[in-house]
There are 2 protein chains.
Amino acid sequence: MPPHSSNPDEIIPDIVIGRLPIYLRALMRLSQEGREVTSSHELGRILGISSAQIRKDLSHFGGFGKQGTGYQIAYLEDKLRQVLQVNREWEIALVGAGDLGQAVANYRGFADRGFHIACVFDSNPQKIGKQSGKFVIQPMSELKETIISKGIQIAMIAVPAEYAQEVANQLVDAGIRAILNYAPISINVPDGVHVQYIDPVAHLQRMTYYLK
Amino acid sequence: MPPHSSNPDEIIPDIVIGRLPIYLRALMRLSQEGREVTSSHELGRILGISSAQIRKDLSHFGGFGKQGTGYQIAYLEDKLRQVLQVNREWEIALVGAGDLGQAVANYRGFADRGFHIACVFDSNPQKIGKQSGKFVIQPMSELKETIISKGIQIAMIAVPAEYAQEVANQLVDAGIRAILNYAPISINVPDGVHVQYIDPVAHLQRMTYYLK
DNA sequence: ATTTTCTTGTGCAAATTATCACACATCCAT
DNA sequence: ATGGATGTGTGATAATTTGCACAAGAAAAT
């Protein structure tokens, strides 16, 4: 195999994929600061990761840097976007319009980084039809049809823990391929459906262990 | 070393610590459902983790189960709380009272699981003194004194990315030992200070990689 | 031109993490 | 009592992940 080229058959460890958004975040900041070039060393210092790991991670996808010089920030940023497929807009379905769901719906960070909330669902008849920010809350009965007709592949769950599994089942049935779950409970989905969790309390509990 | 006893000198991998809150979450659910006993197999099925891994993780802290029977849920729950030091209340300082900070301040999940937001700070003079939920927003100038006088060890950052590092510096200076950072940026802190991140977009980007 | 400095990409080794598989303990049914 | 079923804790093994160290390319300095 020639140098500086990635093997398309290679299966890349998920732990590597998980670091790419972190690299992308750092690159965005650097370019925002007007910087044009960086190095694995600098990125490592910023992120608290070894430079060797950064180079090895990036090398899975090709040789993006130049010896003696480092990485062109804009170029690497673009390449990472291609790899992660975030060089486009994604539409998201949100389930749950309680306090948590409303907060998620109004969080600016999604739209700023290419994720557009396209529809919001809730089971509470009191809420159906009401405006939540820029969204009209739809009933759960419309979930499948809406998701399919809009071709949505990503959903977020912001319902109480006891309903999260049932909601996940409905989302999978509607063809959803990726779920971001804000409910503090693990959910089961078939192979091929990806799940990530947001549980701030779990993060806090992970840190209290060290507070002797 | 006798069986069923943990070695207090042993350094336990952080990745193991990171799974304990997940186990605890599952145990809480099981006991809420009225269950009294479970097994590493059942937990594994619920969580999508191998039973061997669960047994080995737990064995770092002692033998909590009984051969042939499994684990008493209430007992294991209590033991995990002891290990994680969450068998008590923790007070938290919150920095940032914008949209994100307000949402965090009003999130019920913290108090429900033993984390009590004790004070809220913001640099915007317009907001100082205003009521945000049950809190009166304090100026940044009072941060250090308030944190020290209340003996707070944990803080959450919910300010724009460009201010996150400066806020982190002030928190460290005030003696904070653990930070939950909602700003989408990596921050640098001295050894001995722990940081965890909440970045929903990073989670989404990790999943879009797989959406071919 | 030549040397020095810098930095990538990568083969190899080390460290970490996960899994296997089994001795031993317990319960239950008969 | 006894046999079968169940399930823990753990030593050994396998797999994964990280870090080291260096050849080679590129720029800057002399």
Side-chain angles (χ1 to χ4, degrees), chain A residues 1-7 10-20 22-23 26-27 30 35-73 75-77 79-80 83 206, chain B residues 1-8 10-20 22-23 26-27 30 35-77 79-80 83 206:
Chain A
M1 186 170 56
H4 294 231
S5 87
S6 57
N7 173 358
E10 185 192 0
I11 285 174
I12 289 141
D14 181 63
I15 195 162
V16 172
I17 304 302
R19 279 190 293 262
L20 299 186
I22 310 304
Y23 300 160
L27 291 168
L30 286 171
R35 299 282 309 285
E36 298 202 339
V37 174
T38 187
S39 67
S40 60
H41 247 86
E42 183 180 42
L43 281 173
R45 212 174 332 109
I46 293 172
L47 299 174
I49 292 179
S50 84
S51 61
Q53 179 160 81
I54 291 172
R55 290 198 302 279
K56 184 150 274 189
D57 283 354
L58 297 178
S59 75
H60 282 106
F61 308 98
F64 298 147
K66 207 191 236 178
Q67 290 171 333
T69 307
Y71 300 92
Q72 292 295 125
I73 291 171
Y75 177 75
L76 181 55
E77 207 180 313
K79 286 297 182 185
L80 287 185
V83 168
R206 183 179 189 154
Chain B
M1 186 171 54
H4 295 228
S5 87
S6 58
N7 173 359
E10 183 192 2
I11 286 173
I12 289 142
D14 180 62
I15 195 160
V16 172
I17 304 302
R19 280 191 292 262
L20 299 186
I22 310 303
Y23 300 161
L27 291 167
L30 286 171
R35 299 283 309 284
E36 298 204 337
V37 174
T38 187
S39 68
S40 61
H41 249 86
E42 182 180 44
L43 282 172
R45 211 174 333 109
I46 292 173
L47 299 173
I49 292 178
S50 82
S51 61
Q53 178 161 81
I54 292 173
R55 289 198 302 278
K56 183 147 272 186
D57 283 354
L58 296 178
S59 77
H60 282 106
F61 308 98
F64 298 147
K66 206 192 236 177
Q67 289 170 334
T69 307
Y71 300 93
Q72 292 294 126
I73 291 171
Y75 177 75
L76 180 55
E77 208 181 310
K79 285 296 180 184
L80 286 186
V83 168
R206 182 177 191 158

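Convention: sequence-line order gives letters A, B, ...; per-chain numbering from 1.
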[X] [atom1] to [N] [atom2]: how many Å, rounded?
X     : N      : atom1 : atom2 : value
B:H60 : D:dG11 : NE2   : P     : 11 Å
B:R55 : C:dA25 : CZ    : P     : 16 Å
A:D14 : D:dT17 : CG    : P     : 9 Å
B:D57 : C:dT16 : CG    : P     : 16 Å
A:I54 : D:dT18 : CD1   : P     : 12 Å

Exercise. Can you find a side chain N or O atom of A:R19 that sits less than 4.0 Å from OP1 or OP2 on D:dT17?
Worked result: no
Exercise. Within the structure, does a side-chain N or O atom of A:S50 lie under 4.0 Å from either OP1 or OP2 of D:dG19?
Worked result: yes
[X] and [Y]: which non-hydrogen atoms are nearest, and at how many Å?
X     : Y     : result
A:V37 : A:E42 : O-OE1, 4.2 Å
B:R55 : B:Y71 : CG-OH, 3.7 Å
A:F64 : A:L58 : CE1-O, 4.0 Å

Exercise. Which one, D:dT8, C:dT17, C:dG9, comes nearest to the side chain of B:Y71?
Worked result: D:dT8
Problem set entry | Contact nearer the 5' end of DNA chain D, comparing B:L58 with A:P13 | B:L58
Problem set entry | NE2 (A:H41) with more than 12 external heavy atoms under 6.0 Å | no
With the criterion being N/O to N/O and under 3.5 Å, what pairs connect the protein with nucleotides 26-30 of chain C, and how long is each?
unit_1	atom_1	unit_2	atom_2	d
C:dT26	O4'	B:Q67	O	3.1

Exercise. Sequence neighbours excluded, which residues qualify as side chain to side chain contact (heavy atoms under 4.5 Å, CB included) partners of B:I22?
Worked result: A:S186, B:R25, B:L47
Exercise. Do the side chain of A:K56 and the base of C:dT10 come within less than 3.5 angstrom through a donor-acceptor pair of N or O atoms?
Worked result: no
Exercise. For DNA chain C, what residues of residues 36-49 of chain A have any heavy atom nearer than 4.0 Å?
Worked result: A:S39, A:S40
